[in-house]
Amino acid sequence: MPDDKRLMKGNEAIGEAAIRAGCRAYFGYPITPQNELTAYMAKHMLARKRTFIQAESEVSAINMVYGAAATGARSMTSSSSPGISLKQEGISYACGADLPMVIVNVARSGPGLGGISPSQGDYFQSTRGGGHGDYYHLVLAPKSVQEAADLTYEAFDLADRWRMPVMILADGLIGQMMEGVVLPPERDLASLPRKGWAAGHQADTHRPNNHVTSINLVPAELEALNRKRFARYDEIKSSELRFEEVNVEKADLVFVAYGTSARVCLGAMEAAKRAGLELGLFRPISLWPFPHARLAELAAKGKRFLSVEMSMGQMVEDVRLAVEGKAPVDFYGRCGGVVPTEEEVLAEARRLLGK
Amino acid sequence: MELAYGHPKSLKPVQSKYCPGCGHGVIHRLIAEVIDELALQERSVITNPVGCSIWADLYFDFDSVQPAHGRTPAASTGVKRMLPDHLVICYQGDGDLAAIGTAEIIHAANRGEKFTTIFVNNAIYGMTGGQMAPTTLVGQKATTAPEGRDPAEAGMGYPIRVCELLATLGGTKYLARGAVNNAANVRKTKQYIKKAFEAQMRGEGFTMVEVLSPCPTNWQMQPVEAEEWLEKNMIPFYPLGEIKNELGGAETKEAAK
Amino acid sequence: MANKGKPQIDRERCKGCLLCVRACPTKVLAASGEPNSWGYYPSEAVAPDKCIACGNCYTVCPDVAITVYKL
């Protein structure tokens, strides 16, 4: 019997979903605008006798996750943009060692110390591999408290299935606002699959040694390891694509937007409809893997695209890559923590359509 | 004919990549001997980071987790918290522990994390070819201190006594400093390691054994000369012995009677 | 009567650091005149009958290249 609906802050819903997904270890560090998540985990992880540590830095926190994940335990950290930058080295190591973990970024405006208001300026960092070397990891972008909870919950399964970090890329607005949410059922820790590659418990099976590592000084071997990982990435690209389409068939102009920006576009679309103008929304939920193919199909149908972002334009480049010049791709964005209004987004669409 | 001194089981019988006369090899053997004596081979995990000890997982015959440079205490925290009944060894060099990883070691120690740090202090960066380390002595030469470590003029800072530094932290229960420059010191160091591992298995909080260790290649000395240099120069600055012992374990109670 | 012992040195494993030579209280060991396949001149027992099985050589050896037996 699933839970009943309750009003919850995004940061806390993410925490509760992680606990229900069987997260055994959480390592965090204070940073606005995700502090409620760390506080929630402190209260509820300790209450359940699970591991909670407020680390001395985000660098330490991600490496604690690395250690816990290396034993096969479901582990997680959360932070916001500047803190996520500090974790990039650890994320590269986790990808190089094929370690599952969940990383939540409640993004804020940058660069530098920037601001604490919502932003989507971490898109490149998240989707291109923000650390050193060739690697990617799943990036899932919720647009509501419900979706933030659902994606966090599922992220633990995805991380285990694909042996990689999975990032939930939310923003300060999604983290801070309260909405109705129905939380997923509690996973039984004992039911989680034991991982044969993990460190520890050798005595149980007398298995050979396991080495969780990312080093290999033999170039051809390291290349082979990377290529094997990229073959797995190809599988992910074909099986883990997630996106949502609203009113795309009827629309001439299609907004491409994720997270909070997508909500703004939906508002603009309603206003447009009242004025007899059909607009559509293509909303990537998986930012990596990015839904290139579907966008290309829509481009072939003569759509034009307006990428709406809370940044100076990052996802727009992926849209252009997908469309390959076959359709116009424009960009409208606010940054610095400014959330675009429905009115200005609608005005831009009208300007582009000349209507 | 009866075997008196033979190869420990927990150490693979292979030639190491370590340089002739390097202290790592001795320290590895001591760890393996104690693990054999405590019958913990299948319940041990070593975390070995960047530095010469990055090769350690080729030699220890049990699981390993390799953290990023300097993050060893953080990774060990994660490993130990998830495997509380395992022996977790946080094996670090002086660059890893006292330079890039200073925050990690101080806070892991302060949290009283229940793993044991084996801190190999050879007063130099080994793997990368002889740079100045936080433990390089004043006047000691390094590739990045060509005229010798100079705290005043060049502002290269002073050598750090890690045991004494960590002794002020509530979470530290056992901090000892040994050396592997002669047989007597090697035997003493083994006792410290055994005491630390036993304390860990009793869950007594943060334990560490710092081991002064020769690095002939980067000190640019013959191994025998390096042992003598260590005796004359390092030991006076880094006094050997149990710097802190707040273990509540059996022996201490016995001793306290 | 002091113990009697016998050191056995793995010539290939030894890197010729000679720390065992320094540690041996009864001068049993010395550098060999013949290099091993690595080009190291390993330690060898030049006066085996003087070995008292104290294990100092084993204790200081960085490569676990020495096994010591009690006779």
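Residue numbers start from 1 in every chain, and the chains themselves are labelled A, B, ... in the order their sequence lines are given, proteins ahead of strands.
B:Met221 is linked by a side-chain contact (heavy atoms from CB on, under 4.5 Å) to B:Trp219, B:Glu225, B:Ala226, B:Trp229, counting only residues two or more places apart in sequence or in another chain.
Here B:Tyr18 and B:Tyr59 bring their ring centres to under 6.0 angstrom of each other. Under the 6.0 Å cut-off for aromatic ring centres, B:His86 and B:Phe62 do not qualify, their centroids lying 6.0 Å or more apart.
Heavy atoms of B:Leu30 lying under 4.5 Å from chain C are absent altogether. With a 4.5 angstrom heavy-atom cutoff, B:Val180 does not touch chain C via any of its atoms. Contact of C:Glu12 with chain B is made through the backbone alone, with heavy-atom distances under 4.5 Å. For B:Pro214, no part lies near chain C; criterion is any non-hydrogen pair under 4.5 Å. Looking at C:Arg13, the atoms closer than 4.5 Å to chain B (heavy atoms on both sides) sit in the backbone and in the side chain alike. For chain C, no part of B:Asn185 is nearby; none of its heavy atoms comes within less than 4.5 Å. For B:Glu33, the part sitting under 4.5 Å from any heavy atom of chain C is the side chain, from C-beta outward, and nothing else.
At a cut-off of 3.5 Å, with distance as the only test, a side-chain donor of B:Gln200 or B:Thr116 sits close to an acceptor on the other residue. With no hydrogens or angles considered, no side-chain donor-acceptor pair links B:Ser213 and B:Asn122 at under 3.5 Å. Inspection of the B:Asn48 and B:Ser53 side chains reveals no N or O donor paired with an N or O acceptor under 3.5 Å. Side chains of B:Glu242 and B:Tyr174: a donor-acceptor N/O pair is present below 3.5 angstrom, by distance only. In this structure, a donor-acceptor pair under 3.5 Å is absent between the side chains of B:Thr72 and B:Thr47.
Most heavy-atom pairs under 4.5 Å with chain C, from the set B:Val14, B:Leu11, B:Ile27: that is B:Val14. Looking only at heavy-atom pairs under 4.5 Å with chain C, the residue among B:Gln222, B:Lys190, B:Glu227 that has the most is B:Glu227. Between chain C and the residues B:Glu2, B:His24, B:Gln15, the largest count of heavy-atom pairs under 4.5 Å involves B:Gln15. Annotation: maximal heavy-atom pairing with chain C below 4.5 Å, among B:Ala184, B:Cys19, B:Pro216, B:Ala183, occurs at B:Ala183.
Residues B:Lys232 and B:Glu228 are not paired through a salt bridge, judged by the lack of any N-O separation under 4.0 Å between the basic side chain and the carboxylate.
For the pair B:Thr143 (side chain) and B:Gly130 (backbone), a donor-acceptor distance under 3.5 Å is present.
Residues from residues 45-71 of chain C that place a non-hydrogen atom less than 4.5 Å from a non-hydrogen atom of chain B comprise C:Ala53, C:Cys54, C:Gly55, C:Asn56, C:Tyr58, C:Thr59, C:Val60, C:Cys61, C:Pro62, C:Asp63, C:Val64, C:Ile66, C:Thr67, C:Val68, C:Tyr69, C:Lys70, C:Leu71, given in numerical order.
Cation-pi geometry between B:Arg161 and B:Phe237 is met: the NZ or CZ atom falls under 6.0 Å from the ring centre, inside 45° of the normal.
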